[in-house]
Amino acid sequence: MNIPASQQLLVLYSREQIEKRVAELGEAITRDYAGESIVMIGVLKGSAIFLADLARSVRVDCSFDFVAVSSYKKGRTTSGAVKLMKDLDEPIEGKHVIIVEDILDTGITLGYLRKVFLGHHPKSLKIAACLDKPARRIEPIEADYVGFSIPNQFVVGYGMDYAEKFRNLPDICILPPDFPL
Ligand code: IMP
Ligand code: MG
């Protein structure tokens, strides 16, 4: 019999816990940028849902842009090399920029994006990551706003995928190591 995949996933953070934490991050950003305008740059596709919630929880003038990078191959392992697949639509020179990412893992993706964006001379550049896996870090990089710091486990849901699946789960769930592709 086919057991629905959702029944094999363990909830790490429920939608209620995520909602509460995102509201706190929104408060912090609202405080830090009071009276300023910010640009949130989402890293497609994983950050889309986090960005949608985070942007609605801040009370400062906020616009969006999106970039796409290819860093992860299908599955759980990284290829190591990052390539920009979709660039910014609008210039960020002189603007307050927050990169919005689903997970800060090895740090290779955000290390690359930070370097690229700093080359555009923003007024400031910060990073918001829904999740942080500090144990996996290769590049020395930290996020300024972190939802949850988690151990080295592969997670899905709330925008995050395994081979493009599970992005629409409202909770953040742990994918068992033996989960079939
Ligand atoms: P980094 O360059 O290793 O920091 O890669 C970060 C990217 O890897 C994230 O934006 C995710 O797309 C992906 N990633 C890392 N860990 C996970 C995970 O547990 N679940 C889903 N995607 C992950
Ligand atoms: Mg990603």
Side-chain angles (χ1 to χ4, degrees), residues 18-19 21-74 77-134 136-150 155-161 164 167-168 172:
I18 299 167
E19 193 182 321
R21 186 67 191 122
V22 171
E24 290 169 357
L25 296 181
E27 285 303 316
I29 292 172
T30 300
R31 268 197 311 276
D32 293 351
Y33 295 91
E36 305 278 355
S37 296
I38 60 174
V39 185
M40 287 189 178
I41 300 179
V43 185
L44 294 171
K45 305 171 205 168
S47 73
I49 292 176
F50 176 48
L51 186 145
D53 284 346
L54 188 63
R56 286 178 296 174
S57 75
V58 302
R59 281 167 289 111
V60 292
D61 182 44
C62 175
S63 60
F64 309 153
D65 208 339
F66 291 95
V67 292
V69 293
S70 68
S71 58
Y72 263 66
K73 294 197 178 121
K74 194 173 70 161
T77 48
T78 182
S79 64
V82 185
K83 215 170 113 190
L84 196 61
M85 306 300 283
K86 185 217 163 288
D87 207 342
L88 295 167
D89 290 335
E90 302 291 333
I92 54 168
E93 186 175 344
K95 298 192 172 159
H96 290 297
V97 171
I98 302 178
I99 310 175
V100 180
E101 177 61 310
D102 54 358
I103 305 193
L104 176 50
D105 187 29
T106 65
I108 291 171
T109 306
L110 280 170
Y112 166 83
L113 287 175
R114 183 174 60 177
K115 204 173 100 201
V116 170
F117 293 158
L118 283 175
H120 293 294
H121 306 291
K123 194 167 183 183
S124 68
L125 182 66
K126 285 193 183 183
I127 293 171
C130 182
L131 300 178
D132 185 11
K133 284 190 203 172
R136 295 252 311 157
R137 202 77 88 250
I138 293 171
E139 277 275 322
I141 187 162
E142 296 304 324
D144 302 277
Y145 306 99
V146 173
F148 304 100
S149 192
I150 65 166
V155 294
V156 294
Y158 197 62
M160 290 165 281
D161 74 308
E164 294 302 324
R167 290 193 196 275
N168 64 322
I172 295 172

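As a basis for the values below, the full set of heavy atoms in this structure was taken, side chains included, without hydrogen atoms, waters or symmetry mates.
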If I compare all heavy atoms of [X] with all of [Y], which pair ends up nearest, and what's the gap?
{"X": "G159", "Y": "I49", "answer": "N-CD1, 3.7 Å"}
{"X": "A129", "Y": "F50", "answer": "C-CE2, 3.8 Å"}
{"X": "E36", "Y": "V60", "answer": "O-CB, 3.8 Å"}
{"X": "I41", "Y": "L51", "answer": "C-CD1, 4.2 Å"}
{"X": "L54", "Y": "A128", "answer": "CD2-CB, 4.0 Å"}
{"X": "P122", "Y": "V97", "answer": "CB-CG2, 3.9 Å"}

Inset, instruction - May I ask you to decide if the ring planes of Y33 and Y145 are parallel, tilted or perpendicular, using 30° and 60° as cut-offs? - result: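 Answer is tilted, since the angle falls between 30° and 60°.
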Inset, instruction - Kindly assign one of parallel, tilted or perpendicular to the pair H120 and F117, based on the angle between their ring planes and the thresholds 30° and 60°. - result: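 H120 and F117: tilted rings.
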Test item: [X] and [Y] side chains (from C-beta on) under 4.5 Å apart, heavy atoms:
{"X": "D53", "Y": "Y158", "value": "yes"}
{"X": "V67", "Y": "L88", "value": "yes"}
{"X": "D32", "Y": "D144", "value": "no"}

Inset, instruction - Apply side chain to side chain contact (heavy atoms under 4.5 Å, CB included) to D161 and K45, showing your working. - result: CA-CA 9 Å; D161 74 308; K45 305 171 205 168; over 6 Å; no
Would you say the side-chain atoms of [X] pair up with the backbone N or O of [Y], donor to acceptor, closer than 3.5 Å?
{"X": "D65", "Y": "E90", "value": "yes"}
{"X": "R137", "Y": "D105", "value": "yes"}
{"X": "R59", "Y": "T30", "value": "no"}
{"X": "K133", "Y": "I103", "value": "no"}

Inset, instruction - Please step through side chain to side chain contact (heavy atoms under 4.5 Å, CB included) for the pair I150 and I172, ending with a clear verdict. - result: CA-CA 11 Å; I150 65 166; I172 295 172; over 6 Å; no
Straight-line distance of [X] [atom1] to [Y] [atom2], nearest 0.5 Å:
{"X": "S57", "Y": "R21", "atom1": "OG", "atom2": "CZ", "value": "11.0 Å"}
{"X": "E139", "Y": "L104", "atom1": "CD", "atom2": "CG", "value": "10.5 Å"}
{"X": "L44", "Y": "E101", "atom1": "CG", "atom2": "CD", "value": "10.0 Å"}
{"X": "C130", "Y": "D102", "atom1": "SG", "atom2": "CG", "value": "7.5 Å"}

Legend entry - side chain to side chain contact (heavy atoms under 4.5 Å, CB included) between I99 and L125, worked out: CA-CA 7 Å; I99 310 175; L125 182 66; 3.8 Å; yes
Inset, instruction - May I have the step-by-step check of side chain to side chain contact (heavy atoms under 4.5 Å, CB included) for Y112 and L84, ending in yes or no? - result: CA-CA 9 Å; Y112 166 83; L84 196 61; 3.4 Å; yes
